[in-house]
Amino acid sequence: QVQLVESGGDLVQPGGSLRLSCAVSGNIFSFNSMGWFRQAPGKEREFVAVIISSGFTDYQDSVKGRFTISRDRDKNTVYLQMNSLKPEDTAVYYCNARRTSQVFWGQGTQVTVSS
């Protein structure tokens, strides 16, 4: 069974940085894509960033230039580096992995941006 475990969420001031990690119980290259989503209170879960098997990456417009998704083959881990954080980035961040018709989710990690 595939397990995704997120970590790295914290309380940070506006303008600060955080790096989220998603440890995967399996070879991350066995997935067609891996990504990050987030859900703020009272809102629907939304796409943040994705990296596909070829290495191509894509981002939600509001995080382009601030967030970077990357992966480490040896550690079977996907990262989300978040810089210049804003209060509107506050949310629970979820790791996502897709393989053909299967979709897997982590339990989420809380990111709070506040002074």
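Counting begins at 1 with the first residue of the sequence. Heavy-atom basis, side chains included; hydrogens, waters and symmetry copies ignored.
- Between the CZ atom of R98 and the OG atom of S53 there is a distance of 13.5 Å, given to the nearest 0.5 Å.
- Residues M82 and V92 fall into different hydrophobic clusters, defined by Ile, Leu, Val, Met, Phe, Trp and Tyr side chains chained together at heavy-atom separations under 4.5 Å.
- M34 has its side chain within reach of V24: a pair of non-hydrogen atoms, C-beta onward, lies under 4.5 Å apart.
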Discussion item. For S70 and Q81: C-alpha separation, side-chain torsions, deciding distance, then whether side chain to side chain contact (heavy atoms under 4.5 Å, CB included) applies.
Written reply: CA-CA 8 Å; S70 63; Q81 178 66 44; over 6 Å; no
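- For S17 and N83, the side-chain atoms include at least one donor-acceptor pair closer than 3.5 Å.
- The aromatic rings of F104 and F31 stand perpendicular to each other, their planes meeting at an angle above 60°, with 30° marking the opposite boundary.
- Both cation-pi conditions hold for R19 and Y79: the charged atom is under 6.0 angstrom from the six-membered ring centre and inside a 45 degree cone around its axis.
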Worksheet item: What do the steps show when you test K86 against D89 for salt bridge (charged side-chain N to carboxylate O under 4.0 Å, His left out), and what is the final call?
Response: CA-CA 5 Å; K86 305 175 181 180; D89 294 318; over 6 Å; no
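- Here CD1 of I51 is found 11.0 Å from CG of L80. Values are rounded to the nearest 0.5 Å.
- Cation-pi geometry between R73 and F29 is met: under 6.0 angstrom from the ring centre, within 45 degrees of the axis.
- With rounding to the nearest 0.5 angstrom, the CZ atom of F47 is 5.0 Å from the CG atom of D58.
- To the nearest 0.5 Å, atom CZ of residue F67 and atom CG of residue L20 are 8.0 Å apart.
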Practice prompt. Let me see the working for C95 and W105 under side chain to side chain contact (heavy atoms under 4.5 Å, CB included), right down to the final yes or no.
Written response: CA-CA 6 Å; C95 182; W105 292 95; over 6 Å; no
Item to complete: Show your working on side chain to side chain contact (heavy atoms under 4.5 Å, CB included) between V63 and R38 and close with a plain yes or no.
Response: CA-CA 12 Å; V63 308; R38 66 187 181 187; 4.0 Å; yes
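- Counting heavy atoms of neighbouring residues, nucleotides and ligands inside a 6.0 Å radius, atom CD of Q102 exceeds 12 of them.
- In terms of modelled atom types and a separation under 3.5 Å, the side chain of E6 and the main chain of G108 share a donor-acceptor contact.
- V111 is not connected to F37 by any chain of hydrophobic side-chain contacts under 4.5 Å among Ile, Leu, Val, Met, Phe, Trp and Tyr, and they are in different clusters.
- Rounded to the nearest 0.5 angstrom, F56 CZ and S33 OG are separated by 11.5 Å.
- A chain of hydrophobic side-chain contacts below 4.5 Å, direct or via other Ile, Leu, Val, Met, Phe, Trp or Tyr residues, connects V48 to V113.
- For the residue pair P14 and S114, the shortest heavy atom distance occurs at CD-C, 3.6 Å.
- For the pair V78/W36, a side-chain contact is recorded, criterion being any heavy-atom separation below 4.5 Å from C-beta on.
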Worksheet item: Would T77 and I28 count as a side chain to side chain contact (heavy atoms under 4.5 Å, CB included) if you check the C-alpha gap in whole Å, the side-chain angles of each, and the deciding distance to 0.1 Å?
Response: CA-CA 7 Å; T77 300; I28 61 174; over 6 Å; no
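- Transitive grouping of hydrophobic side chains (ILVMFWY, heavy atoms separated by less than 4.5 Å) keeps L4 and V50 in distinct clusters.
- Criterion: ILVMFWY side-chain heavy atoms under 4.5 Å apart, direct or through other members. Under it, Y59 and L85 are part of a common hydrophobic cluster.
- Put simply, the side chain of T90 reaches to within 4.5 Å of the side chain of Q110, judged on heavy atoms.
- A 4.5 Å side-chain heavy-atom check between I52 and N32 finds every atom pair outside the cut-off.
- The CG atom of D10 sits 8.5 Å away from atom OG1 of T112, with the distance rounded to the nearest 0.5 Å.
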